[in-house]
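Report on one structure; see the data block that follows.
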Amino acid sequence: MLGLMQDRPLLISSLIEYAARYHGNTEIVSRTVEGPIHRYGYRECEVRSRRLASALARKLGVKVGDRIATVAWNGYRHMEVYYGVSGMGAVCHTINPRLFPEQIIYIVNHAEDAYMFIDLTFVPLLEKLADKLGCVKGYVVMTDREHMPDTSLKNAICYEELIEQGDDAYAWPDLDERTASSLCYTSGTTGNPKGVMYEHRSTVLHSLIVLTGEGLALSSQDAVLPIVPMFHANAWGLPYAAPMCGAKIVMPGAKLDGASVFELLSTEKVTLTAGVPTVWLMLLNHMQEHGSTLPELKRVVIGGSAAPRSMIEAFQDKHGAHVVHAWGMTETSPLGTVGNLLPKHARMSKQEQLDVQVKQGRAVWGVELDIVDDDGKSMPRDGKAFGHLLVRGPWVTKGYFKGEGGNILNAGGWFDTGDIATLDPDGYMQITDRSKDVVKSGGEWISSIDLENTAVGHADIAEAAVIGIPHPKWSERPLLIVVKREGAELTKEAVLHYLEGKIAKWWMPDDVQFVDAIPHTATGKILKTALREQFKDYKLPTHDDE
Ligand code: ADP
């Protein structure tokens with residue numbers, strides 16, 4: 001027997017419609033590329049998104065399913081494009097401008113983007129690439145007439161003029177909830193980038209979970225600042241979740257340095273912010289230098305890479321902001337696990353609580369996790385055994401756009417994340433490595449992430465990376481690569497001495513190399529492929545040891 005509930009589709013347009021009606025004056029505050037701070041309410045955002053949707057359909061001939069790209073910072077116009085494009089049934093394809101030009105060319109052509117919405121910052125970039133982007137019919141520059149640049153881009157359209165041509169009376173269409181809504185390519189550190197295609201239903205379900213207490217506990221009481229870019233896994237879903245609950249949203253634009261982020265957090269009384277460890281390092285350094293505080297800031301979400309213990313401590317002890325460590329990936333929309341504490345942890349010491357918080361957290365409802373060995377057999381959930389992390393759920397991808405990579409699910413419908421992890425009896429998951437980065441020493445695995453995070457606990461170490469170097473006896477041994485803090489005097493011996501007792505003896509790096517900088521991926525992660533290339537002729541001092 002079937003139930004008798006109404007079959008209303010779960011649509012992205014419903015999020016902004018709800019915000020417009022129930023939180024119409026709640027602000028979206030943006031640092032614009034043109035300079036000034038812009039602010040307006042959800043009501044106006046919704047009207048402008050609808051005007052955009054109608055202009056797309058009627059002026060530019062965009063149809064349901066067409067891909068419309070964005071190359072833009074976090075800002076209110078980008079938010080309007082999110083809603084205008086997906087709301088009308090087209091696909092909002094966010095592109096990471098930090099990718100190599102060849103990757104951007106590949107992605108645009110693979111997605112067959114019909115139009116591109118670009119911030120002023122990226123006009124010169126697109127001018128250089130346009131010749132190779134044959135599918136693109138026009139470039140909408142996200143600014144007003146006054147700031148329109150002289151450009152060689154063919155068919156450059158002014159965003160504000162396009163919106164003006166839109167129709168206020170446009171009504172959001174009733175789409176099938178499984179309609180594709182947005183597209184995001186994974187950075188593809190190996191091979192070509194692959195497209196993850198989100199749908200309305202998965203996006204709405206994901207937003208609901210972001211709002212729950214076991215998710216990020218976002219509500220209308222919050223002001224949220226996503227530092228994580230809207231081109232990085234939809235800014236972790238915050239541009240959808242915020243209107244669903246009516247949270248004020250603060251968009252940082254192009255300025256992500258410590259001083260600029262601090263200023264916005266402070267003046268806009270932000271209560272929750274989210275980003276990768278690299279941006280937090282800049283913010284914490286800035287606050288330390290200036291002795292500044294953020295009394296309104298309650299929670300800091302750290303994801304994308306492991307949150308070092310010292311960073312969690314700094315936020316919590318020095319600044320009174322609780323750290324929420326989270327894990328996910330483009331393929332999981334991205335929220336997978338969240339490191340909230342359980343009631344029993346409240347009775348524990350600070351250090352014991354930190355032991356829990358450095359883990360990536362427990363699965364939220366809807367996300368199933370398993371760890372398996374090389375033969376696909378499930379491993380014990382004892383917090384010790386580590387294996388390939390598999391994931392399954394209604395906002396996890398079942399395949400890449402245009403079938404790239406073939407069938408990516410196993411027989412049970414699980415997706416292999418490429419991460420290596422442990423699961424403890426309470427369900428806390430801890431990433432020990434990416435499967436391609438783990439150091440394989442004498443048949444055992446050494447976690448490069450663990451070593452890196454332990455090393456950055458040293459006050460004179462700004463950043464650390466570990467790669468496996470070939471070794472005749474052990475197959476691989478760890479090399480620790482270190483960037484010193486400015487002005488610090490640091491020796492190999494001092495670093496190794498610091499690690500003693502903090503890690504297993506056989507994990508001790510065979511050498512420490514100091515470098516000026518460590519290369520990063522377009523999403524702010526350590527680029528291990530580049531480090532391996534840099535050190536490909538390097539020989540460990542232990543190479544010839546028996
Ligand atoms: P990319 O940055 O390559 O585009 P994603 O943003 O999808 O891809 O990255 C997902 C990967 O980032 C995960 O598979 C995992 O390896 C890593 N990651 C994400 N969050 C964390 C975390 N909290 N701790 C450690 N690693 C993380």
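All values below were derived from every heavy atom in this structure, side-chain atoms included, with hydrogens, water molecules and symmetry-related copies excluded. Both ligands and their constituent atoms are indexed starting at 1 by order of listing.
Taking only nitrogen or oxygen atoms, main chain and side chain alike, Ala326 reaches within less than 3.5 Å of ligand 1. Of the polar atoms of Gly304, at least one N or O is found under 3.5 Å from an N or O of ligand 1, judged by distance alone. By the 3.5 Å distance cut-off applied to N or O atoms, Ala306 is counted among the residues near ligand 1.
Contacts of Ser305 with ligand 1, taken as heavy-atom pairs under 4.0 Å, involve the backbone alone. Counting heavy atoms under 4.0 Å from ligand 1, residue Thr330 touches it through both backbone and side chain.
Between Thr521 and ligand 1 there is no heavy-atom distance shorter than 4.0 Å. Residue Gly328 places a heavy atom less than 4.0 Å from ligand 1.
Using a 4.5 Å heavy-atom threshold, the side chains of Glu368 and Trp414 count as touching. In this structure, the side chains of Glu331 and Tyr400 come closer than 4.5 Å at one or more pairs of heavy atoms.
Looking at Gln353 and Gln316, their side chains never bring a donor and an acceptor atom within 3.5 Å of each other.
Of all the heavy atoms in Thr417 and Leu389, the pair that sits closest is OG1-O, 2.7 Å.
When each atom of ligand 1 is checked for a heavy atom of His325 under 4.0 Å away, the hits are 22 (C), 23 (N), 24 (N). Listed by number with element, the atoms of ligand 1 under 4.0 angstrom from any heavy atom of His232 are 2 (O), 6 (O). Residue contact check: Lys525 has heavy atoms under 4.0 Å from atoms 1 (P), 2 (O), 5 (P), 6 (O), 8 (O), 9 (O), 10 (C), 11 (C), 12 (O), 17 (C) of ligand 1. Ligand 1 places these atoms under 4.0 Å from at least one heavy atom of Arg434: 13 (C), 14 (O), 15 (C), 16 (O).
With sequence neighbours left out, the ring pair (Phe, Tyr, Trp, His ring centres under 6.0 Å) criterion links His345 to Tyr428.
Salt bridge status for Lys502 with Asp450: absent, with no side-chain N to carboxylate O gap under 4.0 Å. Look at Glu533 and Lys536 and you find a salt bridge, because one of the NZ, NE, NH1 or NH2 atoms lies within 4.0 Å of a carboxylate O, short of that distance. The pair Arg381-Asp424 does not meet the salt-bridge criterion, since no charged nitrogen lies less than 4.0 angstrom from a carboxylate oxygen.
In the candidate list Gln360, Met329, Glu331, Gln360 is nearest to atom 24 (N) of ligand 1, counting heavy atoms.
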